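One structure below.
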Amino acid sequence: MNPRGLKNSPCNSGSGALLPYGRQSIDEEDIAAVAAVLRSEWLTTGPIVSRFEEAVAQFCGARSGVAVSSGTAALHTAMYAAGIGPGNEVIVPPITFAATANAVIFQGGTPVFADVQTETLLLDPAAAERAITPRTKAIVAVDYAGQPCDYRELQSICRRHGLVLIADACHSLGASYRGRAVGSLADLTVFSFHPVKHITTGEGGMVLTDCPDFLDRMRAFRNHGITTDHRQRSERGSWFYEMQDLGYNYRITDFQCALGLSQLPKLPDWLARRRALAEQYVRAFADVPFVRPLRLRSGRTHAYHLFAVRIGFAQSGADRNMLFQKMRDLGIGVNVHYIPVHLHPYYQNRWGTAPGLCPVAEAAYEQLLTLPLFPAMTDADVERVAAAVTELIEESGQQLEAVHDSSR
Ligand SMILES: *Cc1c(COP(=O)(O)O)cnc(C)c1O
């Protein structure tokens with residue numbers, strides 16, 4: 001019995017009243033791995049950080065990784081590696097978490113919003129190319145919901161214009177594009193290990209790269225711009241260090257990386273489970289008008305961080321808003337990803353962005369609804385969520401038809 005005196009039904013996966021849109025999976029093995037590090041010599045910047053970096057890089061087909069304290073820190077670190085500074089523009093899509101664009105500003109650069117494609121909500125390569133100016137230095141591809149962007153087109157644009165391609169792959173760990181893993185598709189690839197993402201370190205993030213120069217810059221950046229860490233100095237028996245550039249404390253601890261390292265081998269099963277649940281949603285909505293899952297493009301595997309659908313009869317957002325409220329009332333933790341970044345008051349006030357800048361993203365936003373999806377969900381959970389959406393949509397459809405009939 002949970003605190004509200006209700007029996008746990010399979011629908012809430014034993015967690016309490018609300019079926020969340022996402023949740024971590026932690027087992028006793030994970031806990032033991034963390035505890036072992038707490039009993040060891042190094043709590044931070046020790047051997048487990050390097051082991052985690054190597055394991056993630058290997059899993060993703062990249063040469064090296066730099067683990068940091070969050071996905072946001074990883075984005076900032078990637079912007080630094082790419083040499084973003086005052087006067088530089090970086091092209092970003094609006095359908096993403098605000099941190100994607102914020103990281104450009106952290107380095108003194110200017111985020112420039114380019115619209116997404118209607119059916120996938122992935123950055124439109126043509127829109128990105130149109131946004132290029134002599135000041136553009138990088139493009140950020142966001143693999144929204146877990147589907148890789150059009151990397152072939154984006155790579156070719158970046159090559160033609162001499163730009164750095166950064167992948168915000170916080171949704172797409174374990175996805176692939178034309179047989180290549182996410183992590184090997186851009187100059188710099190950023191992951192988050194927040195509990196809602198595919199694997200977790202509590203808070204944490206990583207940047208993958210094949211470029212040794214980027215790697216050195218990023219290792220220094222996460223440690224105040226200092227070119228050796230205290231473990232290297234301890235091993236060499238030396239006190240000397242130099243700060244070569246301005247950096248931050250973006251270090252991650254060894255016990256966090258122990259959690260990540262323990263989670264990583266489970267990722268393939270979790271991805272398979274996410275895909276199976278997503279397919280169950282797609283089948284459930286196949287004949288439901290006005291509930292449209294996003295399109296999966298050919299040549300890609302999807303990591304399904306999110307299962308997002310577009311809802312509605314109207315462009316106004318009324319149907320989505322109604323459904324959001326009624327689903328929450330039923331104890332189903334739906335969500336909305338994302339409010340287009342350029343519509344946040346900070347961006348409108350400080351950067352002069354306004355509605356109309358990215359019409360595809362803005363129209364999609366009115367209709368977007370994220371349904372619960374995480375590996376520990378049961379088939380019955382998905383069935384219940386899909387049935388609730390279908391019922392509520394049919395109800396509202398009948399009301400619309402009734403209004404239509406009576407006005408005739
Ligand atoms: C989660 C996320 C981030 C930020 O990661 P944190 O670890 O929360 O700092 C950045 N971009 C996207 C697309 C994300 O989903």
Side-chain angles (χ1 to χ4, degrees), residues 20-24 52 56 65-80 82 84 90-107 111 113-114 116 120-123 138-149 154 165-175 182-183 185-186 188-208 218 221-222 248-253 256-257 259-260 263 274 294 302-308 335-342 344 347 361 364-365 368 370 373-374:
Y21 85 87
R23 193 172 68 228
Q24 74 275 14
F52 183 49
V56 173
V66 176
V68 291
S69 53
S70 71
T72 303
L75 280 165
H76 187 186
T77 302
M79 293 300 160
Y80 172 80
I84 305 308
V90 177
I91 295 166
V92 298
I95 298 287
T96 183
F97 185 53
T100 312
N102 296 351
V104 178
I105 301 169
F106 295 165
Q107 276 304 104
F113 294 95
V116 294
T120 58
L121 304 186
L122 300 176
L123 178 63
I139 295 178
V140 186
V142 176
D143 296 339
Y144 177 74
Q147 172 165 211
C149 289
L154 292 170
L165 181 57
I166 300 173
D168 180 338
C170 291
H171 295 186
S172 60
L173 176 62
V182 165
L185 299 162
L188 295 150
T189 302
V190 171
F191 294 118
S192 163
F193 307 121
H194 182 275
V196 86
K197 307 292 163 70
H198 290 89
I199 62 169
T200 189
T201 58
E203 298 281 357
M206 196 179 291
V207 190
L208 298 185
M218 294 196 291
F221 186 72
R222 76 171 157 191
Y248 292 76
N249 177 356
Y250 279 162
R251 297 184 307 258
I252 187 169
T253 65
Q256 287 174 293
C257 290
L259 179 55
Q263 296 240 303
R274 285 179 180 276
L294 300 178
H302 201 304
Y304 286 110
H305 163 55
L306 301 175
F307 191 82
N335 217 315
V336 174
H337 297 94
Y338 291 95
I339 298 167
V341 177
H342 67 284
H344 284 296
Y347 278 93
Y365 161 61
L368 274 175
T370 301
L373 181 68
F374 53 93

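Ligands are counted one by one from 1 in listed order, and the atoms in each one are counted from 1 as well. Remember, it's a predicted structure, so these values are computed and weren't measured experimentally. Side chains are part of it too, since the values below use all heavy atoms of this structure and drop only hydrogens, waters and symmetry mates.
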Problem - For Thr72, atoms of ligand 1 separated by under 4.0 Å from a heavy atom - result: 4 (C), 5 (O), 6 (P), 9 (O)

Handout entry: More than 12 heavy atoms from other groups under 6.0 Å of CD1 on Ile339
Key = no

Handout entry: Residue part near ligand 1, for Leu75, under 4.0 Å between non-hydrogen atoms
Key = side chain

Handout entry: Any donor-acceptor pair under 3.5 Å from His198 side chain to Gly174 backbone
Key = no

Handout entry: Validation row, ring centre His337 to ring centre Tyr144 under 6.0 Å
Key = no

Exercise for the section: Search all heavy atoms of His342 against all heavy atoms of Pro94 and return the closest pair with its distance. Expected result: ND1-CB, 3.4 Å

Exercise for the section: Could you tell me whether the side chain of Phe97 reaches within less than 4.5 Å of the side chain of Val142, counting heavy atoms only? Expected result: no

Exercise for the section: Could you find the nearest protein heavy atom to atom 11 (N) of ligand 1 and give me its residue, atom name and distance? Expected result: Asp168 OD2, 2.9 Å

Practice task
Any atoms of ligand 1 less than 4.0 Å from a non-hydrogen atom of Gly71? List them with their elements.
Solution key: 5 (O), 6 (P), 7 (O), 9 (O)

Handout entry: Between Tyr347 and Asn102: side-chain donor-acceptor atoms closer than 3.5 Å
Key = yes

Exercise for the section: Examine the proximity of ligand 1 to Thr100 and report which part, side chain or backbone, both or neither, has a heavy atom under 4.0 Å away. Expected result: side chain

Problem - Polar atom proximity, His305 to ligand 1 (N or O, under 3.5 Å) - result: no

Problem - Protein residue, atom and distance nearest to atom 15 (O) of ligand 1, heavy-atom basis - result: His171 NE2, 2.8 Å

Practice task
For Tyr338, take its heavy atoms, then give the atoms of ligand 1 lying under 4.0 Å from any of them.
Solution key: 15 (O)

Problem - Atoms in ligand 1 flagged as close to Thr96, the criterion being non-hydrogen separation under 4.0 Å - result: 13 (C)

Handout entry: Closest protein heavy atom to atom 2 (C) of ligand 1, given as residue, atom name and distance to 0.1 Å
Key = Lys197 NZ, 2.7 Å

Exercise for the section: Using a 4.5 Å cut-off on heavy atoms from C-beta on, say whether the side chain of Leu259 contacts that of Phe193. Expected result: no

